[in-house]
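Structure first, commentary second.
Reminder, nothing fancy here: chain letters follow the sequence lines and each chain counts from 1.
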Number of protein chains: 2
Amino acid sequence: MISPTQFFKCLSDETRLRCVTLMQKEGKLCVCELTTALDLSQPKISRHLASLRQCGLLQDSREGQWVFYQINPNMPDWTGPLLKNALQAVESTTVFKEDLQRLQKMENRPEFVGCC
Amino acid sequence: MISPTQFFKCLSDETRLRCVTLMQKEGKLCVCELTTALDLSQPKISRHLASLRQCGLLQDSREGQWVFYQINPNMPDWTGPLLKNALQAVESTTVFKEDLQRLQKMENRPEFVGCC
DNA sequence: CGTTAATATATGATTATACGAATATTAATA
DNA sequence: TATTAATATTCGTATAATCATATATTAACG
């Protein structure tokens, strides 16, 4: 189970915080969406997502060629309010607004269709 | 002004998180109280307090031979809920309960008397 | 003054993080 | 099967964080 210290370490890197915040707001996102939204290299995004998954903060689910990430719904209770407040703290920043814009402008976004 | 990333970095180290949580709960504390409560070396505590002060998270006030630290009351609004939730997340842990016990058992605790 | 208690800082070693670049893996599709 | 798109990982390196130890500073007090 993730510790408070470890939880804050997850959010202490700008790339990771932007990814988590985007997923908090938008739900499931795949690596290429995050790469586009944050305008960063694919290996960089992928490495941070892997570390967040190892901490248990994220879940991944492969959907054909895409791998979707989302906030792990089975996190301990105390993380819920913290994530909500983190989102509120971040979403008003310029950087995050730009992330969101790039994501919304992105063409050919893969859709998560689940098991149908 | 402190950024969300920087704020989380402050809380991402166990020593710092324990200090901040104790001050959140107990108000002003001096270095020797924190050293006793956390059972760690004085230079280690002092260095972490200095870094928290540099980030703006803490304020210090010298009172004779003692230096008291407290959560900076002039932090940006978005930090309030996060600090409150952090406290709630930490105070149930074994480590923090022990910190609190050592603090309460401490003899000859200096009292902050302010300007009188 | 000289001493002592409280706190801060410097130093050097160690460890951890983050990165770009290159490469590997996986799955879809021609 | 060959190729391509999406994602993951490895490697070497650079930077930052943390630590223990030693020492400096500051204030109180005899």
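When rounded to the nearest whole Å, the span between CG of A/Leu58 and P of D/dT7 equals 14 Å. Atom CG in B/Asp60 sits roughly 7 Å away from atom P in C/dA8 (whole-Å rounding). For the pair A/Glu14 CD and C/dA18 P, the computed distance is 12 Å after rounding to whole Å. Distance, B/Asp13 CG to C/dA16 P: 13 Å, rounded to whole Å. Rounded to whole Å, atom C1' of D/dA17 lies 14 Å from atom CG of B/Leu52. Look at CZ on A/Arg109: it is 21 Å from P on D/dA5, rounded to the nearest Å. A/Arg47 places its CZ atom 12 Å from the P atom of D/dT10, with the value rounded to the nearest Å. Between the CG atom of A/Leu38 and the P atom of C/dC19 there is a distance of 11 Å, rounded to whole Å.
Using a 4.0 Å cut-off, some side-chain N or O of A/Tyr69 falls inside it from OP1 or OP2 of D/dA8. Applying the 4.0 Å criterion to OP1 and OP2 of C/dT17, one finds that A/His48 has every side-chain N and O outside that range.
When distances are taken from the side chain of B/Arg62 to each of D/dA27, C/dA8, C/dA27, the shortest belongs to D/dA27. Closest to the side chain of A/Arg16, out of C/dA18, D/dA8, C/dA8, is C/dA18. Side-chain atoms of B/Ser41 lie closest to D/dA20 of the nucleotides D/dT9, C/dT9, D/dA20.
Between the base of C/dA6 and the side chain of B/Gln42 there is no donor-acceptor pair shorter than 3.5 Å.
Both A/Trp66 and A/Lys44 sit near DNA chain D, but only A/Trp66 has its closest nucleotide nearer the 5' end. With DNA chain D read from its 5' end, the first of the two nearest nucleotides for B/Ser12 and A/Ser46 is the one closest to A/Ser46. Nearer the 5' end of DNA chain C, as judged by each residue's closest nucleotide, is the contact made by B/Val67, out of B/Val67 and A/Thr15.
Considering only residues two or more places apart in sequence or on other chains, A/Lys44 meets the side-chain contact (heavy atoms from CB on, under 4.5 Å) condition with A/Thr15, A/Leu40, A/Ser41, A/Arg47, A/His48.
Note on ring orientation: taking the six-membered ring where Trp is involved, the planes of A/Phe7 and A/Trp78 are perpendicular (angle over 60°, cut-offs 30° and 60°).
One distance of note links CD of B/Gln24 with OG1 of B/Thr21; it measures 7.5 Å at 0.5 Å rounding. Summarising the geometry, atom OG1 belonging to B/Thr36 is positioned 9.5 Å from atom CZ belonging to B/Arg109; distances are rounded to the nearest 0.5 Å.
Exactly one of B/Asn72, B/Val67, B/Ile71 qualifies for a side chain to side chain contact (heavy atoms under 4.5 Å, CB included) with B/Tyr69. That residue is B/Val67.
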